[in-house]
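Contents: one structure, followed by commentary.
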Amino acid sequence: MVRSDLTAPLGMNKRRSIGRLPLGLIGVAIMTVIFTTGFIWIGIVDDPNGGEPMATIELSSALDGVAPSDIEIVDLPDGSQLAQIGTDQFDANGFGQDGSYRPSRPAGANAQDQASGPTSLVDLARRVDYEGLDGGFSSESLSTDPIDQLLEPNKFGSLPKISAEGIRPLDAYARRPNPAALTQARIAILINGIGLNSDMTLKAIEDLPADISLGLSPYGDDINSWMKSARLSGHEVLLQAPMEPFDYPDNDAGPQSLLTNLDRKQNEERLSWVLGQTSNYVGLVNFMGDRFTSNETRMGEFLSKVRDRGLMYVDDGSSPRSRASEVAGTQKVPFVQADLVLDQNLSAEAIGTQLLELETIARQRGIAVATATAFPVTLNALEAWSQRLEERGLSLVPISSAINSTR
């Protein structure tokens, strides 16, 4: 007799076979396994360290135990620097080993390059090997011998010029800031009148920090010796350019002053005399000159010469009517505008107040610039003020470090 569900005893008609499970339930189980495996795989594969033990640690930006001398600036190549990579494959005329031709592109080839601050040490070392090019940094002495490739013979002496490779005197003679200073609010100070009084000049050179820049008077005695002494002590130097004040001739900036009633050629002749008095300076700063600096035409003629000779220009901040900033921007001149004059009032209390104002500007903007003259009260105040500057979270930098940051 054939057994059927009708003849089977009650309760014996259920089979224990997995093959009778519903197909829908089996499908759901398979899809769940696939999706779970997929999510785990994505989590592991997308993370290169997926599946490996991990730990989290806290990193500190403190520089404890690291001296400034342990730090070096290394520039990452930008577009212009990338163009220089591999130039050793080309000869001086631009011809490569395979016969290809690659024309050189000097740093001063366009106006934007000319308006920039000093070229990095990395770029200088890559491009040229001039005798006397030392790229001064930190407390080291700076070179005192002029670089032949940056000199142009003239009846007044050797004038600065941009080299055939596009290196400016500003690039070659600038003092580079300590890299540790770049993490703090910065102050740049320029002391003018160097060379007019030997006692005050010597005090400025020997007693002030090397990061304070010095402005040499073209009328000073033995100006070339003072330039060498200043740079041997690490000071970056500039040259003062005498200019016409509003009350001229009652108040006179000297026999080589640039005047608004002289024609362009006459002023260029006087400027050449000024430039030929010494070497190894990075730029010019006005001496007096509130009338001359307010004349946009004359300032345009003057600043175009400054730019073309590879120099920077500092407006000392003494005249609110100066047009230097606007003209320098148009002419693409490396430019620094002083925020204030420290010693317009020659008292220790007034100078101290100005120094506090300078610190405030530096903290608000990141950098502040001041000028002063080598008077005894000024030098004494600066020597005392600078001794604990870093404890107040501030750093001194050379004046060239402030280029185009104060417009």
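The first residue of the sequence shown is numbered 1, and numbering continues consecutively from there.
Of the charged side-chain nitrogens involved, at least one lies within less than 4.0 Å of a carboxylate oxygen, so that Arg175 and Asp211 count as a salt-bridged pair. Comment: Glu269 engages Lys155 in a salt bridge, judged by a side-chain N to carboxylate O separation of less than 4.0 angstrom. Between Lys305 and Glu301 there is no salt bridge, since no side-chain N of the basic residue sits under 4.0 Å from a carboxylate O of the acidic one. Here Asp123 pairs with Arg126 in a salt bridge; the nearest charged N to carboxylate O distance falls below 4.0 Å.
Applying the side-chain hydrogen bond (donor to acceptor under 3.5 Å, both in side chains) criterion to Gln344, with sequence neighbours excluded, gives no partner residue. Among residues two or more places apart in sequence or in another chain, the side-chain hydrogen bond (donor to acceptor under 3.5 Å, both in side chains) test is passed with Arg323 by Glu296. In this structure, Tyr281 has no ring pair (Phe, Tyr, Trp, His ring centres under 6.0 Å) partners at least two apart in sequence or on a different chain.
Judged by distance alone, the side chains of Asn380 and Lys203 do bring a donor and an acceptor atom under 3.5 Å apart. Side-chain contact, Asp290 with Ser319: no donor N or O sits under 3.5 Å from an acceptor N or O. With 3.5 Å as the limit, one finds a donor-acceptor pair spanning the side chains of Asn224 and Thr278.
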task = Show your reasoning for whether side-chain contact (heavy atoms from CB on, under 4.5 Å) applies to Ile361 and Glu357.
result = CA-CA 6 Å; Ile361 295 172; Glu357 175 65 18; 3.9 Å; yes

key: Chi angles and distances behind the salt bridge (charged side-chain N to carboxylate O under 4.0 Å, His left out) call for Glu165, Arg127   = CA-CA 8 Å; Glu165 294 81 11; Arg127 295 171 55 206; over 6 Å; no

Residue pair Gln184, Leu394: steps toward the side-chain contact (heavy atoms from CB on, under 4.5 Å) verdict = CA-CA 6 Å; Gln184 298 177 308; Leu394 298 162; 6.0 Å; no

query = Which is it for Tyr248 and Thr260 under the side chain to side chain donor-acceptor pair (under 3.5 Å) test, yes or no, and what are the steps along the way?
reply = CA-CA 11 Å; Tyr248 175 83; Thr260 55; over 6 Å; no

task = Check step by step if side-chain contact (heavy atoms from CB on, under 4.5 Å) holds for Leu271 and Leu284.
result = CA-CA 10 Å; Leu271 178 59; Leu284 300 176; 3.9 Å; yes

key: Full working for side-chain contact (heavy atoms from CB on, under 4.5 Å) between Arg309 and Glu152   = CA-CA 10 Å; Arg309 292 202 172 274; Glu152 175 187 304; 3.2 Å; yes

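The environment of CD in Gln387 is crowded: more than 12 heavy-atom neighbours from other residues, nucleotides or ligands sit within 6.0 Å. Annotation for Asp263: atom CG counts as buried by contact number, over 12 foreign heavy atoms lying within 6.0 Å.
Without hydrogens or angle criteria, Arg307 side chain to Val333 main chain gives no donor-acceptor distance under 3.5 Å. Of the possible polar contacts, none joining the Gln149 side chain to the Tyr130 backbone as a donor-acceptor pair under 3.5 Å is found. Distance alone, capped at 3.5 Å, places no donor-acceptor pair between the Asn192 side chain and the Phe287 backbone. Within the 3.5 Å criterion, the main-chain N or O of Pro242 finds no donor-acceptor partner in the side chain of Gln256. In this structure, the side chain of Gln331 engages the main chain of Gly300 through a donor-acceptor pair within 3.5 Å. In terms of modelled atom types and a separation under 3.5 Å, the side chain of Asn267 and the main chain of Leu259 share a donor-acceptor contact. Using modelled atom types, one side-chain atom of Gln354 and one backbone atom of Val341 make a donor-acceptor pair closer than 3.5 Å. Judged purely by atom type and a 3.5 angstrom limit, Asn286 uses its side chain to pair as donor or acceptor with the backbone of Asp316.
You'll find the side chain of Asp252 reaches within 4.5 Å of the side chain of Ser257, heavy atoms only. A 4.5 Å side-chain heavy-atom check between Asn154 and Leu275 finds every atom pair outside the cut-off. Side-chain atoms of Val128 and Ser163, non-hydrogen and from C-beta on, never get closer than 4.5 Å to each other. Side-chain contact between Arg298 and Arg291 is absent, with no heavy atoms from C-beta onward closer than 4.5 Å. For the pair Leu239/Leu311, no side-chain contact is recorded, criterion being any heavy-atom separation below 4.5 Å from C-beta on. Under the 4.5 Å side-chain criterion, counting only non-hydrogen atoms from C-beta, Phe335 is not in contact with Ile403. Considering only heavy atoms from C-beta on, Gln240 stays 4.5 Å or farther from Ile194 through its side chain. Side-chain contact between Ile162 and Arg168 is present, with at least one heavy-atom pair separated by less than 4.5 Å.
For Tyr313 and Phe302, the ring centers sit closer than 6.0 Å to each other.
The line from OH of Tyr173 to CD1 of Ile147 is 4.5 Å long, rounded to the nearest 0.5 Å. Atom OG of Ser217 and atom CG of Asn197 lie 11.5 Å apart (nearest 0.5 Å). Interatomic distance, CH2 of Trp385 versus OG1 of Thr378, reported as 13.0 Å (0.5 Å rounding). Rounding to the nearest 0.5 angstrom, the gap separating the CG atom in Asn280 from the OG atom in Ser143 is 5.0 Å. Separation of atoms CG (Leu258) and CZ (Phe292) is listed at 4.5 Å; rounding is to 0.5 Å. The distance from atom CD1 of Ile223 to atom NZ of Lys228, rounded to the nearest 0.5 Å, is 12.5 Å.
With Asp343 as the partner, the side-chain contact (heavy atoms from CB on, under 4.5 Å) test is satisfied by one option alone out of Leu382, Leu379, Ile351, Val377: Ile351. A side-chain hydrogen bond (donor to acceptor under 3.5 Å, both in side chains) with Glu268 holds for exactly one of Arg270, Arg264, Gln266; it is Arg264. Exactly one of Ile189, Leu190, Ile191 qualifies for a side-chain contact (heavy atoms from CB on, under 4.5 Å) with Leu214. That residue is Ile191.
Summarising the geometry of Leu238 relative to Ser213, their closest heavy-atom pair is CD1-CB, 4.3 Å, with the distance given to 0.1 Å. Counting all heavy atoms, side chain and backbone alike, Val397 lies closest to Pro177 at CG1-CB, 4.0 Å. Heavy-atom minimum distance, Leu170 versus Ser116: CD2-O, 3.9 Å. The minimum heavy-atom distance linking Ser395 with Leu389 is given by the pair C-CD2, 4.2 Å. Residue Ser322 comes nearest to Asp315 through the heavy atom pair OG-OD2, 2.5 Å, listed as atom of the first residue, atom of the second, then distance. The two residues Met312 and Ile399 make their nearest non-hydrogen contact at CE-O, 4.1 Å.
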